[in-house]
Structure formats: C-alpha cells, structure tokens
Amino acid sequence: MATLLMSACADLTTLHIEPILSNSRVSQYFIGVTVLAMIPEIPEIVNGIQFALQNNISLSFEVGSSMAVQVCMLQIPVLILFNVFYDVGFVLIFSDLHLWASIFSVILVNYIFMDGKCDYFQGTALVVVYLILLAMYFFAPSPAGC
C-alpha cells in the first residue's frame with residue numbers, strides 16, 4: 001500500500017513540475033538534483049527530524065546517512081540492471097560539478113562520523129553545506145543531455 005501511495009506521489013510531483021519548468025528559470029537539472037531526489041526519501045527525513053527533536057541526534061544522523069547509502073547501494077544499481085534488460089533510456093549523466101560535490105559530501109560526512117559523536121553544531125554544519133550545494137546547483141549550468 002505504501003509503495004502505491006509513493007508511486008502516486010511521484011506521479012503527481014512530476015506532473016506538477018512540468019509547468020514550473022516551463023514558466024520559470026529553474027533548470028531541470030536543479031529540480032532533478034533537489035526536489036525529485038528528496039520525494040522518495042520523505043519518510044526518512046521526517047523520522048530524522050523527529051529523532052532530532054527528541055534529542056536523539058545520533059540516530060537522526062544515522063537515519064539521514066542511511067538513506068543516502070540506500071540510494072547509492074541499492075536503488076541506482078537496480079535501475080541500471082533494469083535498464084539492461086528493458087531499455088527504457090535510463091542514462092546516468094554526471095557533470096564534473098556533480099562528481100566533485102559528491103566526493104566532497106562523502107569526505108565531509110566521513111569526517112563528521114569519524115569520532116562517533118554527534119552534536120547540533122555538526123548538524124548545522126551539514127545543513128549549511130547542503131544549502132551551499134543547493135545554491136551551486138541552482139546557479140550552475142545544466143550539463144549536456146539534461
């Protein structure tokens with residue numbers, strides 16, 4: 001049931017994003033990196049916020065990082081394998097900007113989790129880095145093919 005609701009939510013999101021793309025200067029690349037990447041992860045985001053509000057910041061960080069690992073280790077390989085057997089035109093296009101932002105994010109999260117302790121300063125630092133990356137994706141040109 002939850003899968004059906006999430007697929008309906010994804011369909012509604014894509015239908016309502018098309019008018020935004022045609023009537024504004026927001027690029028398809030920015031929407032894909034930010035909004036469309038966050039839609040399937042909304043339950044984990046809400047749980048992470050709830051844990052942080054209950055002063056369980058370590059569990060909140062763990063939930064947040066595990067959703068990124070889930071996407072990298074499970075969802076993207078499954079999509080690629082699905083595209084091998086049923087050619088639906090799924091192509092991964094990584095610009096240099098996206099590649100370096102990903103490398104920087106992995107190094108930063110590894111550095112924060114290295115000591116095994118979490119506090120609100122580290123969470124605030126991660127939010128600031130996320131906002132900087134959002135601004136970077138908003139002002140950067142879209143790569144060829146997007």
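Along the sequence shown, residues are numbered consecutively beginning with 1. Just so it is clear, the values below take in all heavy atoms, side chains as well, and ignore hydrogens, waters and symmetry mates.
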Same hydrophobic cluster for [X] and [Y], using side-chain heavy-atom links shorter than 4.5 Å among ILVMFWY?
X      : Y      : answer
Ile45  : Val109 : yes
Ile49  : Tyr130 : yes
Met136 : Val106 : no
Leu97  : Ile107 : no
Met114 : Ile103 : no

For the [atom1] atom of [X] and the [atom2] atom of [Y], what is their distance to the nearest 0.5 Å?
X      : Y      : atom1 : atom2 : result
Asn83  : Ile80  : CG    : CD1   : 8.5 Å
Leu126 : Leu131 : CG    : CG    : 11.0 Å
Leu108 : Gln122 : CG    : CD    : 9.5 Å
Ile31  : Phe138 : CD1   : CZ    : 9.0 Å

* Asked: Side-chain contact, heavy-atom cut-off 4.5 Å: Leu133 with Ser105?
  -> yes
* Note, Phe104 side chain near Trp100 side chain (heavy atom, < 4.5 Å) -> no
* Give a yes or no on whether the backbone of Pro19 and the side-chain of Asn23 come within a donor-acceptor separation of less than 3.5 Å. => yes
* To do: Please step through side chain to side chain contact (heavy atoms under 4.5 Å, CB included) for the pair Leu59 and Asn47, ending with a clear verdict.
  => CA-CA 10 Å; Leu59 185 57; Asn47 284 335; over 6 Å; no
* **For Glu44 against Val63, the heavy-atom pair lying closest together** => O-CG1, 3.4 Å
* Structure fact -> Between Gly48 and Ser60 the two heavy atoms that sit nearest each other are O-OG, 2.7 Å
* Asked: With a cut-off of 6.0 Å (strictly less than), are more than 12 heavy atoms of other residues, nucleotides or ligands near OH of Tyr111?
  -> no
* For the rings on Phe30 and Tyr137, is their centre-to-centre separation under 6.0 Å? -> no
